[in-house]
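Before any comments, here is the structure.
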Protein chains: 2
Amino acid sequence: MSNIIKKYEYAVMATDTVLFALDDGKLKILLIKMNKKPFVDMWAVPGGLVRGDESVEVSAKRTLKEKTGVANVFMEQLYTFGNVNRDPFGRVVSIAYMALTPNIDMEIKTTKDHKEIGWFDVKDLPVLAYDHEKIVKTAVSRLSAKLEYTNIVFQLLSKEFTMNELQTAYEIIRGEKLDKRNFQKKILALDLVKKLDKKTTGQAHRPANVCTAKHEGVVNVEIL
Amino acid sequence: MSNIIKKYEYAVMATDTVLFALDDGKLKILLIKMNKKPFVDMWAVPGGLVRGDESVEVSAKRTLKEKTGVANVFMEQLYTFGNVNRDPFGRVVSIAYMALTPNIDMEIKTTKDHKEIGWFDVKDLPVLAYDHEKIVKTAVSRLSAKLEYTNIVFQLLSKEFTMNELQTAYEIIRGEKLDKRNFQKKILALDLVKKLDKKTTGQAHRPANVCTAKHEGVVNVEIL
DNA sequence: TCAAAAGTGTTAGCGTTACACCCATGG
DNA sequence: CCATGGGTGTAACGCTAACACTTTTGA
């Protein structure tokens, strides 16, 4: 691969995807372990080169699936990283995506080139290959920002959730506790969720109302 | 160029820059006229291929300068457009930038390949080549959005300006009139401008106070 | 019966908006 | 002196933030 890239007169492109999930009160991302020098045993965000016959977005989905087994998750373009020396194998520009899943227990797989894969707390990351630390930081800060003016948070929750799960998602990402009553008032005022005729069961406390998002996709929604 | 691109197994990259300025109560962008089929006589945003030895941002600055003569303007990455068929000459992905200048009277030049160049009201654009209409729309909506949570507006004003010029910039881009007293209160509360010991002269009405931005660059600033 | 989380309203303070008159200058 | 835009304050309203007790369940 490196020979192919080096001989190009112009830059070629890759995609890298930061996949987020909530777990255990933490915001986590999915990383794979590198084998290749000079990054042996360093972790990286899954990615790969964009082929001549696929769109950038398709490429991001394909490489995420090939490297991790993950498919059918929400994805959104993040930023394009284009420094000259970001990749020691050649002149590669990376179009970074962020992806969100409600399901940290989804099946993930390793590959021949990446024998380990795992979820890492964004507040406690290992050393990352390439400029992936910068990519991850950009993704985390974009995600926080989008919490405030979109309904993107629902991409991190199951179809059905409780007000408390929703509130906890905000608390984890914003890093601060919120008031239960005020939180519920705002969410209801924004008209983003429906309360279902359904309660949680099996917990040693009062059952909670089950809710669902009113809209399928991600939309802008001043203001939380 | 098309032959070079076609033989690549992977996608190559270009940058395109939407340069904004305010003029005559309108938000305008700088366009150049194409000669090449199938875009003969269509207008386009200035851009060009990213070389193997330059960063993406440097490439955007270089191509803007080469195609229009414009240099030393504020630039910021916008979005990356990666559909397969966006360029009939080959598999080219475009990293779009937006640029802002306070000075619509700056010198601009044509080139061998682009014999015409000019400023166009974003509300009255000609037919654009490639997917440049999409790029321009993305740029306009990003600019509007950033007005609300950054001090980016100062990149469209001279170093020294009056409160009225500042307010007019907001009014043009937001497309609505604002209240003079409330506007001034907000701006002062945000502590974004200094009033200078200086007045405008030569106008057939009371002189206005001259102001300047407190910060050099673009920063986030909840909320206008 | 105990522990744990769910559900639920009111009040005070702050920020936002609406609004009108006099002033300084050039022509 | 006239036309033009510049400069300035207050009051009502709405939104936000602070705050605590009762309910329901499983163990």
**Prompt:** C:dA5 P sits how many Å from A:Gln167 CD, rounded?
**Reply:** 13 Å
**Item:** Pairing residues for B:Pro207 by the side chain to side chain contact (heavy atoms under 4.5 Å, CB included) criterion, not counting sequence neighbours
**Value:** B:Lys199, B:Thr200
**side chain to side chain contact (heavy atoms under 4.5 Å, CB included) between B:Asn209 and B:Met163, worked out** = CA-CA 8 Å; B:Asn209 232 308; B:Met163 271 290 169; over 6 Å; no
**Ring geometry between B:Tyr149 and A:Tyr149 (parallel below 30°, tilted from 30 to 60°, perpendicular above 60°)** = parallel
**Item:** OP1 or OP2 of D:dG6 under 4.0 Å from side-chain N/O of B:Asn164
**Value:** yes
**Message:** How many whole angstroms separate atom CZ of B:Phe183 from atom C1' of C:dC19?
**Reply:** 18 Å
**Asked** Do you know which of A:Asn83, A:Asp131, A:Asp16, A:Thr80 makes side-chain hydrogen bond (donor to acceptor under 3.5 Å, both in side chains) with A:Ser94?
**Response** A:Asp16
**Message:** When you measure only distances, ignoring hydrogens and angles, does the side chain of A:Arg181 come within 3.5 Å of the base of D:dA20 through a donor and an acceptor?
**Reply:** yes
**Asked** Which part of the nucleic acid, if any, lies within contact of A:Asp179, taking any heavy atom under 4.0 Å across all strands shown: a base, the sugar-phosphate backbone alone, or nothing?
**Response** base
**Request:** Rounded off to whole Å, could you give me the CD-to-C1' distance for the B:Glu165 and D:dG5 pair?
**Result:** 13 Å
**Request:** Mind calculating the distance between CD1 (B:Ile187) and P (C:dT16) to the nearest angstrom?
**Result:** 12 Å
**Prompt:** Atom CD of B:Gln184 and atom C1' of C:dT17: how far apart are they, to the nearest Å?
**Reply:** 16 Å
**B:Phe154: ring-ring contact (aromatic ring centres under 6.0 Å, His included) partners, not counting sequence neighbours** = B:Phe161
**Complete:** Whole-Å distance, B:Lys180 NZ to D:dT4 P, equals 14 Å
Any N/O pairs under 3.5 Å between the protein and nucleotides 10-12 of chain D? List them or say none.
unit_1, atom_1, unit_2, atom_2, d
D:dT10, O4, B:Lys185, NZ, 2.8

**Item:** CZ-CD1 distance between A:Phe74 and A:Ile152, expressed to the nearest 0.5 angstrom
**Value:** 4.5 Å
**Message:** Pick the closest DNA chain C nucleotide for B:Ala204 and for A:Met163 by heavy atoms, then say which residue is nearer the 5' end.
**Reply:** A:Met163
**Message:** Looking at A:Lys198, I want to see if its NZ is surrounded by more than 12 non-hydrogen atoms of other residues, nucleotides or ligands under 6.0 Å.
**Reply:** no
**Atom-to-atom span, NZ of B:Lys186 to C1' of C:dT17 - whole angstrom** = 9 Å
**Asked** Got more than 12 heavy atoms from elsewhere within 6.0 Å of CD, A:Glu107?
**Response** no
**Asked** Where along residues 205-215 of chain B does a heavy atom fall under 4.0 Å from DNA chain C?
**Response** B:His205, B:Arg206, B:Pro207
**Prompt:** Hey, are A:Asp121 and A:Lys123 close enough for a salt bridge, meaning a charged N less than 4.0 Å from a carboxylate O?
**Reply:** no
**Message:** Please find the pair of heavy atoms, one from B:Leu78 and one from B:Met98, that lie closest to each other, and give the distance.
**Reply:** CB-N, 4.2 Å
**Message:** I'd like to check the ring-ring contact (aromatic ring centres under 6.0 Å, His included) partners of B:Tyr97; sequence neighbours left out, ordered by chain and number.
**Reply:** none
**Message:** Rounded to whole Å, how long is the line connecting atom CG of A:Leu188 with atom P of D:dT16?
**Reply:** 14 Å
**Asked** Counting only non-hydrogen atoms, which of residues 193-200 of chain A are less than 4.0 Å from DNA chain D?
**Response** none
**Request:** Using modelled atom types only, decide if a donor and an acceptor are shared between the side chain of B:Thr68 and the backbone of B:Lys65 within a distance under 3.5 Å.
**Result:** no
